[in-house]
Amino acid sequence: MRKLVLAAALSGTMLTLAACSGAADETTDAAETAEVEATEDAAAVQTAAVLDANTATAEQLAGTEGVSEELAAAIVAGQPYASVTDLNAKLLETLSAEEAAAVLTSVFVSVNLNSGTEEEIRLIPGMTDKMVHEFEEYRPYADMGVFDREIGKYVDEAEVERFKNYVTL
């Protein structure tokens with residue numbers, strides 16, 4: 001059975017499309033390898049793309065999708081941000097809630113896993129009610145290895161790595 005796999009990363013979500021025909025199974029291995037490589041590439045891009053709102057320059061921010069030169073200047077003028085909720089408030093001065101959420105995927109103030117509020121955790125891109133509960137349930141985190149192990153019970157390794165772009169100890 002031949003399996004054609006198309007993988008695409010869209011806002012951190014993996015989309016897989018499969019079709020079958022009567023050809024040999026050896027194409028499955030190549031397709032699965034391509035899918036894994038596409039996932040790893042998307043995770044690497046996501047990792048590199050998150051800017052610290054407290055240290056980013058106006059030039060770096062203006063090069064980020066959804067951030068105009070004016071918004072970049074406003075973000076820099078508001079530095080330092082005590083929390084991601086403060087950054088979000090700055091974004092909401094000129095952006096809709098959806099636009100602000102989109103910017104937070106690339107520009108963020110890390111949430112402390114042990115002291116971050118529920119409101120801060122909810123601002124982590126891709127966060128669900130279940131994951132908010134899990135982030136809070138395992139407090140205090142002794143180190144990031146504990147985070148990897150405990151959160152890894154609920155999401156795959158790539159998602160744990162993506163979450164690590166938005167958290168700190």
Side-chain angles (χ1 to χ4, degrees), residues 7-15 37-141 143-152 154-169:
L10 179 61
S11 299
T13 303
M14 179 57 105
L15 170 68
E37 289 172 357
T39 301
E40 290 170 354
D41 291 346
V45 168
Q46 180 92 25
T47 299
V50 180
L51 294 173
D52 180 341
N54 284 325
T55 59
T57 65
E59 293 77 24
Q60 290 171 317
L61 292 164
T64 302
E65 188 172 337
V67 180
S68 65
E69 288 185 19
E70 295 79 16
L71 180 55
I75 292 170
V76 169
Q79 292 172 338
Y81 296 93
S83 70
V84 69
T85 55
D86 294 341
L87 172 61
N88 192 52
K90 175 59 78 179
L91 296 175
L92 291 173
E93 289 176 6
T94 57
L95 301 176
S96 70
E98 286 179 354
E99 292 168 327
V103 169
L104 289 177
T105 63
S106 304
V107 180
F108 207 77
V109 176
S110 293
V111 175
N112 185 296
L113 286 168
N114 290 329
S115 62
T117 65
E118 181 179 333
E119 182 181 10
E120 291 169 347
I121 294 169
R122 286 190 180 281
L123 288 172
I124 295 172
M127 190 56 60
T128 63
D129 290 341
K130 177 179 176 46
M131 292 311 299
V132 169
H133 171 75
E134 300 308 333
F135 271 49
E136 293 178 327
E137 180 179 353
Y138 292 104
R139 289 179 176 179
Y141 292 89
D143 57 47
M144 290 307 286
V146 174
F147 177 80
D148 292 350
R149 183 176 61 252
E150 300 301 343
I151 298 306
Y154 305 98
V155 295
D156 64 23
E157 187 176 327
E159 185 69 351
V160 171
E161 289 303 311
R162 190 188 69 78
F163 279 141
K164 288 167 65 174
N165 290 306
Y166 304 102
V167 298
T168 191
L169 282 178

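Every value quoted in this text rests on a predicted model; they were computed, and no experiment measured them. The figures that follow rest on heavy atoms only: side chains count, while hydrogens, waters and symmetry mates do not. Along the sequence shown, residues carry numbers from 1.
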Residues which pass ring-ring contact (aromatic ring centres under 6.0 Å, His included) with Phe147, listed by chain and number, not counting sequence neighbours: Phe135, Tyr141

Side chain to side chain contact (heavy atoms under 4.5 Å, CB included) partners for Thr64, two or more places apart: Leu51, Val67, Ser106, Val107

Least distance between heavy atoms, Ile121 atom then Met127 atom: O-CG, 3.5 Å

Separation of Thr57 OG1 from Gln60 CD (nearest 0.5 Å): 3.5 Å

Heavy-atom pair of closest approach, residues Thr105 and Ala102: OG1-O, 2.6 Å

Ring pair (Phe, Tyr, Trp, His ring centres under 6.0 Å) contacts in which one or both residues fall within residues 95-133, not counting sequence neighbours: Phe108-Tyr166

Glu157: side chain to side chain donor-acceptor pair (under 3.5 Å) partners, not counting sequence neighbours: none

Side-chain donor or acceptor of Glu150 paired with backbone N/O of Arg139 under 3.5 Å: no

Ala53 versus Val109, closest heavy-atom pair with distance: CB-CG2, 3.8 Å

For the student: nearest non-hydrogen atoms of Thr85 and Glu120, plus distance: CG2-CG, 3.8 Å

Closest heavy-atom pair and its distance - Ala72, Ala62: CB-N, 3.7 Å

side-chain contact (heavy atoms from CB on, under 4.5 Å) between Glu159 and Ile151, worked out: CA-CA 9 Å; Glu159 185 69 351; Ile151 298 306; over 6 Å; no

Enumerate, atom names and distances included, each donor-acceptor pair closer than 3.5 Å involving a side-chain atom of residues 86-95, sequence neighbours excluded.
{"unit_1": "Asp86", "atom_1": "OD2", "unit_2": "Ala82", "atom_2": "N", "d": "3.4"}

Minimum-distance pair of heavy atoms, taken over all atoms of Ser110 and Asn165: OG-O, 4.4 Å

Sub-4.5 Å side-chain heavy-atom contact between Met144 and Leu113: yes

Contacts of Asp52 that satisfy side chain to side chain donor-acceptor pair (under 3.5 Å) - sequence neighbours left out: none

Glu65, CD atom: more than 12 neighbouring heavy atoms under 6.0 Å: no

Glu119: partners by side chain to side chain donor-acceptor pair (under 3.5 Å), with sequence neighbours left out: none

Residues which pass side chain to side chain donor-acceptor pair (under 3.5 Å) with Asp129, listed by chain and number, not counting sequence neighbours: Arg122

Spacing of Thr117 atom OG1 and Glu136 atom CD [to the nearest 0.5 Å]: 8.5 Å

Pair listing, ring pair (Phe, Tyr, Trp, His ring centres under 6.0 Å) test, anchored in residues 68-100, at least two apart: none

Salt bridge (Lys or Arg N to Asp or Glu O under 4.0 Å) against Glu134, all qualifying residues, sequence neighbours excluded: Lys130

Pairwise distance OH(Tyr154) to OH(Tyr138) - rounded to 0.5 angstrom: 3.0 Å

Those residues that, when tested against Glu70, pass salt bridge (Lys or Arg N to Asp or Glu O under 4.0 Å) (two or more places apart): none

